[in-house]
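Everything on this sheet refers to the single structure shown next.
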Amino acid sequence: MIQKLFPLDKNYILRQAQTSLESKMLNVMMEELKASYTRLFNPLGLMDNTYRQILEASEFPQDRIQVIYNQLAGIYRYKFGDNQLELLFDGRSHLEKYQDDWQNHFILWLRELGQHESYVKTMLRMTLLFDTETRAEFSENRCKSFINEYFALRIVKRKGELKLKSA
C-alpha cells in the first residue's frame, strides 16, 4: 500500500526513482554524515575513540535512517513533485531523469543539513553511535522535528492520513 504524505502525492515515477535509489542513498547518507562530523567536530582529523568508532562503524539499525530518507523523499515530492511530465530530448527516460535530479538534490540537502550540529548529533546517535533503542527513538524524533523546522513544514495527522503543510 502506498502511503501518501499529502493529498496530491501522485508522482509515482518520482516515488519509483526514489525507491530504486534507496540503498545507494542510505550509504551516501552515512558517508556525508561522517564528513559532516569531521568538518564540525574534528576538522584536524585527530583520532580519538569516538572518531574511530564513527569511521569504522558499518553495522547499525537501518530502519531509523530509512525513516529519515523517506521523510526527505516525501519533502522532495512535496516541493518538486509536479506530476506533469516534460519533454526530454537527451534520450533518457523520465525515471532516469528523476533519479538524477533526486540524487543531486538529495546530496545537496545532506550537505546543507550537515552544517547543523543538532542534525549531525541526532543522526549519529541513531546510527553510527547507536547504543540503546530508546535513545535512538528519541534521536529519530528530534531529527524529524529538526528537518520539518528546517524546511518550514509541519505534518498534520487527520483521519489517519499524514499531510504535509507549509508552515
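Fair warning: this is a prediction, and the values are worked out from it, not measured in the lab.
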Can you name the residues that form a side-chain contact (heavy atoms from CB on, under 4.5 Å) with Thr132, not counting sequence neighbours?
Thr134, Arg135
For residues 36-47, pull every pair meeting salt bridge (Lys or Arg N to Asp or Glu O under 4.0 Å), keeping only residues two or more places apart or in separate chains.
none
The remaining residues in the hydrophobic cluster of Leu87, counting side-chain heavy-atom contacts under 4.5 Å among Ile, Leu, Val, Met, Phe, Trp and Tyr, are Phe89
The salt bridge (Lys or Arg N to Asp or Glu O under 4.0 Å) partners of Lys144 (sequence neighbours excluded) come to Glu140
Over all atoms of both residues, closest heavy-atom pair of Gln99 and Ser20
NE2-OG, 2.7 Å
Partner residues of Asp101 under the side-chain hydrogen bond (donor to acceptor under 3.5 Å, both in side chains) criterion, sequence neighbours left out
Lys97
Sort and list the pairs that fulfil salt bridge (Lys or Arg N to Asp or Glu O under 4.0 Å) and have at least one residue in residues 50-62, not counting sequence neighbours.
none
Applying side-chain hydrogen bond (donor to acceptor under 3.5 Å, both in side chains), can you list everything that pairs with Arg92, at least two apart in sequence or on another chain?
Asp90, Asp100
With sequence neighbours excluded, residues passing salt bridge (Lys or Arg N to Asp or Glu O under 4.0 Å) with Glu133:
Arg64
Using the side-chain hydrogen bond (donor to acceptor under 3.5 Å, both in side chains) criterion, which residues pair with Asn49? Sequence neighbours excluded.
none
side-chain hydrogen bond (donor to acceptor under 3.5 Å, both in side chains) with Tyr69: which residues, sequence neighbours excluded?
Trp102
Can you name the salt bridge (Lys or Arg N to Asp or Glu O under 4.0 Å) partners of Asp63, sequence neighbours left out?
none
Please list, one pair per line, the donor and acceptor atoms closer than 3.5 Å that link side chains of residues 105-121 to other protein atoms, with sequence neighbours excluded.
unit_1, atom_1, unit_2, atom_2, d
His105, NE2, Trp109, NE1, 3.2
Arg111, NE, Glu32, OE1, 3.3
Arg111, NE, Glu32, OE2, 3.3
Arg111, NH2, Glu32, OE2, 3.1
Glu112, OE1, Tyr150, OH, 3.0

